[in-house]
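In what follows, a structure is listed as structure tokens, so that the remarks can point back to it.
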Number of protein chains: 2
Amino acid sequence: MNKIDVCVSPALYSLHHNPESVVVVVDILRATSAICAAFMNGVKHIIPIGTIDEARACKEKGYMVAAERDGLVLDFADFGNSPFNFTPERVAGRDIVYSTTNGTQAIQMASGAHHVVVGAYFNISALARWIVAQKRDVVILCAGWKNRFSLEDTLYAGALAHQLIGSGAFETICDATNAALDLWQVAHHDLQNYVLKAAQKARLAKHGLDDVIDYCHTPDLSNIIPLLDGERLVPVEA
Amino acid sequence: MNKIDVCVSPALYSLHHNPESVVVVVDILRATSAICAAFMNGVKHIIPIGTIDEARACKEKGYMVAAERDGLVLDFADFGNSPFNFTPERVAGRDIVYSTTNGTQAIQMASGAHHVVVGAYFNISALARWIVAQKRDVVILCAGWKNRFSLEDTLYAGALAHQLIGSGAFETICDATNAALDLWQVAHHDLQNYVLKAAQKARLAKHGLDDVIDYCHTPDLSNIIPLLDGERLVPVEA
């Protein structure tokens, strides 16, 4: 049996790091949902970038750049962090540099793992199948918000752990995983309503950006797993 | 309305620190349960100490010392971390130096808050009354295990938050608090069985120390709040 760990904040990742594991990075509202949407819509590669300075330098080199902080598009960027921005017209066949408040840093942080992939509801069942096929322990890394615990990311961790345990190939002795599984049991009957109490809903609403919440909780729109390959995310079908 | 924050790991405390707040330190299995048991049994003061070297130095100065790491009593200590050790015969009227794997460090970490108090099921309702009377925001700091998320500490945070919100004087916009409240709703009907899946149960069982789990989840045996006063914990009646 392989093991599931849930890491509820990037600040705790060193406690969960395992160079032999698959790490799933999760930032449901909105970075990893946007990345999965971009691949659904035909993006070729996404290059996750941590700092604003690096993102600006990429723009100056001619890349298309998606970059936001605290929900607001940076002035030099082509567009921001909403999954709705990554339309086929804009992204199909292109490479995009992407930098966000929480999610892209978490991807870079996990780069010492055996595989790093990006999770969202959009690809959850495909992702579970792909992880089972790897036959490795998995760490679900919740990007959270500025290192704080995030309800919507932890819930997703519970949803994914539920599928993994359901496969019969995984078990857990991790308290955060057990908590996430129980939260998923509480929330899954009425997920869209449940997540309205998440602090991120209020943060997004302040800028009129909470229109994505329902969409970002829609399962199984895609079979594409964004996989970190060197410094870029590439699409893998599952 | 005052606010409730739950901090699920000492490694995240800097995100929750508020010099005007009351901090409740929680390490149900077993440090804060043992501290509350000691005050129930008449201890005069408890001096929380972080490092093993400091604890040894206190022993050499003639203090009674309770000290453990990973559930095992340190060789120079008088006894370890089980609430059963703090009997009236041993502790009544005495000062005790106390050092544990997780809990005592968390108490020291929080010492910049307006008040630092120690929470356990033993004093939960008295503690809720006392906190309401302070008319301040509260941070519930889960000591966890070596900075990992702990199921039993987070559940207690949910139980205490439930009482505080029930008083009508508190609200929360904190995701970890909302998660803890929902976990408490899942677990409270059958708490003693629920906590058997906590990782700390397995750690304690390895050393035959899991006999305290039921006792440590017994509510309202005491009206004493251990309050940090300088470098020592003193009893306050509530």
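For clarity, every value in this text was computed on a predicted model and none was experimentally measured. In the text below, chain A, chain B and the rest are named by the order of the sequence lines, each starting its count at 1.
B/N147 meets the side-chain hydrogen bond (donor to acceptor under 3.5 Å, both in side chains) test with no other residue; sequence neighbours excluded.
Taking the six-membered ring for Trp and the full ring otherwise, A/F84 and A/Y215 have centroids separated by under 6.0 Å.
Rounded to the nearest 0.5 angstrom, B/I165 CD1 and B/I4 CD1 are separated by 4.0 Å. Here the straight-line distance linking atom CG of A/N193 with atom CD1 of A/I213 works out to 11.0 Å at 0.5 Å rounding.
Only the side chain of A/D5 comes within contact range of chain B, judged by heavy atoms closer than 4.5 Å.
When the shell of 6.0 Å around NE2 of A/H17 is examined, it contains more than 12 heavy atoms from other residues, nucleotides or ligands.
Chain B forms the most heavy-atom pairs under 4.5 Å with one residue out of A/Q185, A/Q200, A/H16, and that residue is A/H16. Of the listed residues B/K197, B/R148, B/K146, the one with more heavy-atom pairs under 4.5 angstrom with chain A than any other is B/R148. Counting heavy-atom pairs under 4.5 Å between each of B/N178, B/V6, B/I173 and chain A puts B/N178 at the top.
Here the side chains of B/C216 and B/P83 are in contact, with some heavy-atom distance below 4.5 Å.
Residues A/R30 and A/T100 have side chains that never bring a donor and an acceptor to within less than 3.5 angstrom of each other. Side-chain contact annotation: A/T51 with A/E54, donor-acceptor N/O pair under 3.5 Å present.
Against chain A, no residue from residues 117-145 of chain B qualifies, as none has a non-hydrogen atom under 4.5 angstrom away.
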